[in-house]
Amino acid sequence: MIDVNSFRLDGKIALVTGASYGIGFSIASAFARCGATIVFNDIKQDLVNQGLEAYKKENIKAHGYVCDVTDEDQVLELVKKIEKDVGIIDILVNNAGIIKRIPMIEMSAADFRKVIDVDLNAPFIVSKAVLPSMIKKGHGKIINICSMMSELGRETVSAYAAAKGGLKMLTRNICSEYGDKNIQCNGIGPGYIATPQTAPLREKQPDGSMHPFDSFIRAKTPAGRWGSPEDLQGPAIFLASDASNFVNGQIVYVDGGILAYIGKQPQ
């Protein structure tokens, strides 16, 4: 019989990277409502302040730090500070990420590297930093925010798709290396989520019509809508909790059914 308390996160410390707003903020807020202590970072102090104010409005006491997750020295220092100020990290969500929508032949190598650095190297760096204490404690949860682009390609997102495909395999490899240490590493692959990052793709056109991409996504999604950050909360809670202790190396796609759907036949 399932114990509903196995979904609780009481006494757990969760680090959610880049969680001042958007998907990261939504996941962290859900963790807090399940009893976790929330720690987050962002790259600038004003973003950290923005996040702290947002958590305060939700009556959540969060701990915010400035840290560039692509800088290994900064990340090691961050983890030391968290362990000193708050405690050992039980749950890591590698959420921080960027996207640059540029046709491949127009994209500079520097821009490509930047996306790879934030979306793939940073999860490696942060995971590497928290793993030793998780191993010592005898348990840990790592959740990587992957993407449908971990499975699919699309024009203008060559770097993002390459990074998210790599993150899927990093997820599986962390499982393979540290599963015997009672550490579970899984991923969440969001579909198209209504966030500030995707707002330009949902803007109405001057004539009042929907953005062509908005219409395209709604037609390709069996659910018939964009997802919301709240749609990711349940899967994140499950993967962070003891309810998923035998789930490892998996990517849970929260996409309204896009990956299962070939699309409508043209009329």
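Values in this document were obtained by computation on a predicted structure and should not be read as measured data.
Between F213 and H211, the two ring planes are perpendicular [angle over 60°; tilted spans 30° to 60°]. A tilted orientation is assigned to the rings of F7 and F238, their planes being inclined by 30° to 60°.
Between I142 atom CD1 and N94 atom CG the span is 7.0 Å, to the nearest 0.5 Å. From M149, atom CE reaches atom CD of E151 across 10.0 Å, with rounding to the nearest 0.5 Å.
When every heavy atom of V79 is checked against every heavy atom of A129, the shortest pair comes out as CG2-CB, 3.8 Å. The shortest non-hydrogen separation linking I251 to K168 is CG1-CG, 3.8 Å. I193 approaches P229 most closely through the heavy-atom pair CG2-N, 3.6 Å. Closest heavy-atom contact between P222 and I258: CD-N, 3.8 Å. Taking both residues in full, the closest heavy atoms of C146 and P190 are given as O-CD, 3.3 Å, listed atom of the first, atom of the second, then distance. What you find for A28 and V16 is that their closest heavy atoms are CB-CG2, 3.9 Å.
A 4.5 Å side-chain heavy-atom check between F40 and T17 finds every atom pair outside the cut-off. Side-chain contact between V39 and I89 is absent, with no heavy-atom pair separated by less than 4.5 Å. Using a 4.5 Å heavy-atom cutoff, the side chains of S244 and K141 are in contact. Residues V252 and N186 have side chains not in contact (no heavy-atom distance under 4.5 Å, counting atoms from C-beta outward). Taking the side chain as every heavy atom from C-beta outward, L131 and Y178 approach each other to under 4.5 Å. Counting only heavy atoms from C-beta outward, the side chains of K100 and F112 never approach each other to under 4.5 Å. In this structure, S29 and Y55 have side chains that are in contact, with non-hydrogen atoms separated by less than 4.5 Å. In this structure, the side chains of K114 and D119 stay at 4.5 Å or more apart for every pair of heavy atoms.
The hydrophobic clustering, which links ILVMFWY residues whose side-chain heavy atoms are closer than 4.5 Å, places I145 and L92 apart. In terms of hydrophobic clustering, with Ile, Leu, Val, Met, Phe, Trp and Tyr side chains grouped at heavy-atom distances under 4.5 Å, I116 and V75 are assigned to a common cluster. In this structure, L167 is a member of the same hydrophobic cluster as I98, with clusters built from ILVMFWY side-chain heavy atoms closer than 4.5 Å. In terms of hydrophobic clustering, with Ile, Leu, Val, Met, Phe, Trp and Tyr side chains grouped at heavy-atom distances under 4.5 Å, I43 and L52 are assigned to different clusters. In terms of hydrophobic clustering, with Ile, Leu, Val, Met, Phe, Trp and Tyr side chains grouped at heavy-atom distances under 4.5 Å, W226 and M210 are assigned to different clusters.
A donor-acceptor pair under 3.5 Å is absent between the side-chain atoms of T221 and the main chain of G256, judged by distance alone. The backbone N or O of C67 lies less than 3.5 Å from a partner atom in the side chain of N41, making a donor-acceptor pair. A donor-acceptor pair under 3.5 Å is formed between the side chain of Q205 and the backbone N or O of E203. At least one donor-acceptor pair under 3.5 Å links the side chain of N95 to the backbone N or O of G18.
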Set out, in order, the CA-CA distance, both residues' side-chain angles and the distance that settles side-chain contact (heavy atoms from CB on, under 4.5 Å) for V69 and I125, then state yes or no. CA-CA 7 Å; V69 288; I125 290 168; over 6 Å; no
side-chain contact (heavy atoms from CB on, under 4.5 Å) between V247 and L239, worked out: CA-CA 8 Å; V247 179; L239 293 177; 4.2 Å; yes
Please step through side-chain contact (heavy atoms from CB on, under 4.5 Å) for the pair D242 and H139, ending with a clear verdict. CA-CA 10 Å; D242 288 343; H139 190 37; 3.4 Å; yes
What do the steps show when you test S228 against D231 for side-chain hydrogen bond (donor to acceptor under 3.5 Å, both in side chains), and what is the final call? CA-CA 5 Å; S228 71; D231 287 318; 3.3 Å; yes
Worked check of side-chain contact (heavy atoms from CB on, under 4.5 Å) between R33 and I237: CA-CA 10 Å; R33 289 191 288 273; I237 291 166; over 6 Å; no
If you apply the rule side-chain hydrogen bond (donor to acceptor under 3.5 Å, both in side chains), what do you find for E53 with N49, and how did you get there? CA-CA 6 Å; E53 186 62 29; N49 293 342; over 6 Å; no
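Heavy-atom neighbours of R113 CZ from other residues, nucleotides or ligands within 6.0 Å: at or below the threshold of 12. Within a 6.0 Å radius of NZ in K137, more than 12 heavy atoms belonging to other residues, nucleotides or ligands are found. Within 6.0 Å of OH on Y21 lie no more than 12 heavy atoms contributed by other residues, nucleotides or ligands.
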